[in-house]
Amino acid sequence: MDVALALAWLRASAGAVAAESDRLTRLDSAIGDGDHGVNLNRGFAAVVAALDGTPPDAVGAVFVKAGTTLISKVGGASGPLYGSALRALGKALPPGTEVELPALAGGLNAGLEAVRKLGGAEPGDKTIVDAYRPALDAFEEAVSGGADLAEAAAAAARAADEGARATTAMQARKGRASYLGERSVGHQDPGATSTALIFQALADVTG
Amino acid sequence: MKKFINDPADVVAEALAGIAAAHPGELRVHTTEQYIARADAPRPGKVALVSGGGSGHEPLHGGFVGAGMLDAACPGEVFTSPVPDQILAATKAVDGGAGVVHVVKNYTGDVMNFQLAAELAADEGITVESVLVDDDIAVEDSTWTAGRRGTGATLLVEKIAGARAEEGGKLGEVAAIGREVNTASASFAYALTAGTTPAAGRPGFDLPADEIEVGVGIHGEPGRRREKLRPAKELVRSALDAILEAKPVDRGDRVILLVNGLGGTPLLELYLVYGEVAKVLEERGITIARRLVGNYVTSLDMAGLSLTVTRVTDEMLRLWDAPVRTPGLRWGA
């Protein structure tokens, strides 16, 4: 992955979040407070503006800048979670204008660890982790099997989407949805859904 | 959606400009970093109190900035916690060198953003103590949820800890009395209708005409369960049973009682409810030492109410009675 591809991924993520903003907000209305799409859209729009303003010259720096922007623009839980994930991804990458696949997999793993450390969520809690964990597993498996970035990203996107869909049957144990108890069952988690969008954006720009 | 707004995207910024215009000389509003501060802050040597959370809960928190209460408040977007940059800017602006107490309601987003801000403040040499408010006993406090929500008791924590800071309390003392008030408080809420966030443009949930949401929070989310609407005296008894079971208040104890509207309930109904609560507490030999009836910790235009009972000590009552001068709470000053 080079700087141009990293920028393309974040722009595609912003596009997907904008296109799906209303759907994310509807999912959040069911079990949260109905602002996930609005908030994430505001954050990613700011990410695109920040990257257009002064594009970083290293892959890692692209993600760090994007993460810092999300933290400072989104608020709620999704701002710190997505922002910390992107910052951790960027910081874990080796310096330079291009990174190899194994390093990218390591960076994605650091991003997931950041989410888990900040949010304390485990698989099955009906959160971002339920899409991110299977996506990362699929990505790493593809990479160790010799796949290229496009193939690995496609596998990750499929796994993230399946993971997001599987949250429908779960009872939320983290975040605002946890206050609903059993009433959270039957609704797909908005955070897992937006995570699936972001992995799909990676598949789109590499495929 | 029918609201007095211009553009849903500008609601928070324009409301901030309005509160500044309405309280000249008392409040300073920073529009770029979005926080409201006392005009006389920072005050050297005084422990500063900073709170914040999503907008849509007015007068919480911006309306409680002033002498005897908060030094600054950070309103986020509607029902969305403020961001760390905002909280850090407010914290730096009001720090008088004696440290800053963050009053944080227990919601995942608020907790994370205030935690990040406290770490950034520590990097800049400012000592921050956080007081977490989690008084809503409708939510089970277990490892399987995010823990009890912070609701009506936030006002009591901010008033009483604010008074302690105003009279010269040290950082640890101000935080300690805030935590003590939170521990002594329990709240329970009912909603008759959902509120409408300007960005979403429609009510947060649909509710049949004869049903209510029981155990709602203040973010437009549905409650713990749905029930048929019953007479107010029955709802009051149910809520007080839950409150007094969660936080035992014994015969002879004194309490501060908050009968709080969620934004869309008229005072006629809130006073009716106050009367019912007073009857039940009297039966149980509990003295309402002080009370507040009105819309203080709201959820936009949600029709509904919350009851908060705080078992008080002499010290808490003394601090409650201390002068306060803010847009939303004002006495003795």
Side-chain angles (χ1 to χ4, degrees), chain A residues 21-22 24-26 28-43 45-46 68-84 87 114-115 117-122 124-128 171-184 187 191, chain B residues 8-9 33-34 52-54 56 74-88 107-116 136 138-140 142-149 194-205 215-226 299:
Chain A
S21 172
D22 198 49
L24 293 174
T25 291
R26 279 175 192 278
D28 194 28
S29 291
I31 57 173
D33 54 6
D35 61 6
H36 189 57
V38 174
N39 284 345
L40 217 52
N41 193 23
R42 185 177 63 243
T68 304
T69 306
L70 285 182
I71 290 173
S72 70
K73 293 292 177 193
V74 178
S78 46
L81 290 170
Y82 277 118
S84 298
R87 282 176 55 84
V115 168
K117 184 165 166 251
L118 194 57
E122 297 298 328
D125 284 349
K126 200 178 179 101
T127 71
I128 289 172
Q171 177 169 334
R173 293 193 292 233
K174 292 286 172 188
R176 216 167 270 169
S178 71
Y179 301 133
L180 300 185
E182 288 174 7
R183 292 175 76 182
S184 64
H187 302 281
Chain B
E33 279 156 325
Q34 299 226 135
C74 308
E77 293 298 318
V78 173
F79 293 168
T80 302
S81 69
V83 298
D85 297 10
Q86 230 180 315
I87 303 165
L88 176 65
Y107 295 95
T108 309
D110 290 284
V111 171
M112 284 182 194
N113 285 282
F114 271 95
Q115 183 188 324
L116 290 172
D136 179 14
V139 174
E140 288 165 45
S142 82
T143 52
W144 304 108
T145 72
R148 286 174 172 163
R149 299 173 288 212
T196 298
T197 55
R202 55 181 171 265
F205 52 84
V216 290
I218 52 172
H219 291 100
E221 70 271 45
R224 296 292 285 177
R225 60 181 186 274
R226 219 164 246 204
S299 186

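Naming convention: chains lettered A, B, ... in sequence-line order (proteins, then strands); numbering from 1 in each chain.
Side chains of B:Ser299 and B:Val216 form no contact here, defined as non-hydrogen atoms less than 4.5 Å apart. The closest side-chain heavy-atom distance from A:Ile71 to A:Arg87 is below 4.5 Å. At a threshold of 4.5 Å between non-hydrogen side-chain atoms, the residues B:Phe114 and B:Pro82 count as touching.
Among A:Thr25, A:Leu81, A:Val74, A:Asp35, the residue with the largest count of heavy-atom pairs under 4.5 Å with chain B is A:Asp35. Top candidate by heavy-atom pairs under 4.5 Å with chain B, chosen from A:Asp22, A:Val38, A:Asp28, A:Asn39, is A:Asn39. Most heavy-atom pairs under 4.5 Å with chain B, from the set A:Gly37, A:Gly75, A:Gly76, A:Ala77: that is A:Gly76. Top candidate by heavy-atom pairs under 4.5 Å with chain A, chosen from B:Val83, B:Thr108, B:Asp110, is B:Val83. Ranked by heavy-atom pairs shorter than 4.5 Å toward chain B, the options A:Gln171, A:Arg26, A:Glu182 are led by A:Arg26.
Contacts of B:Val78 with chain A are made by backbone atoms alone, with heavy-atom separations under 4.5 Å and no side-chain atom involved. Within the 4.5 angstrom heavy-atom criterion, atoms from both the backbone and the side chain of B:Phe79 approach chain A. Contact annotation for A:Ala177: neither backbone nor side-chain heavy atoms come within less than 4.5 Å of a heavy atom of chain B.
Legend: residues meeting side-chain hydrogen bond (donor to acceptor under 3.5 Å, both in side chains) with B:Glu33, ordered by chain and number and at least two apart, are absent.
Within the structure, no pair that satisfies the side-chain hydrogen bond (donor to acceptor under 3.5 Å, both in side chains) test touches residues 70-81 of chain A, not counting sequence neighbours.
For A:Ala114 against A:Ser84, the heavy-atom pair with the smallest separation is CB-O, 3.7 Å.
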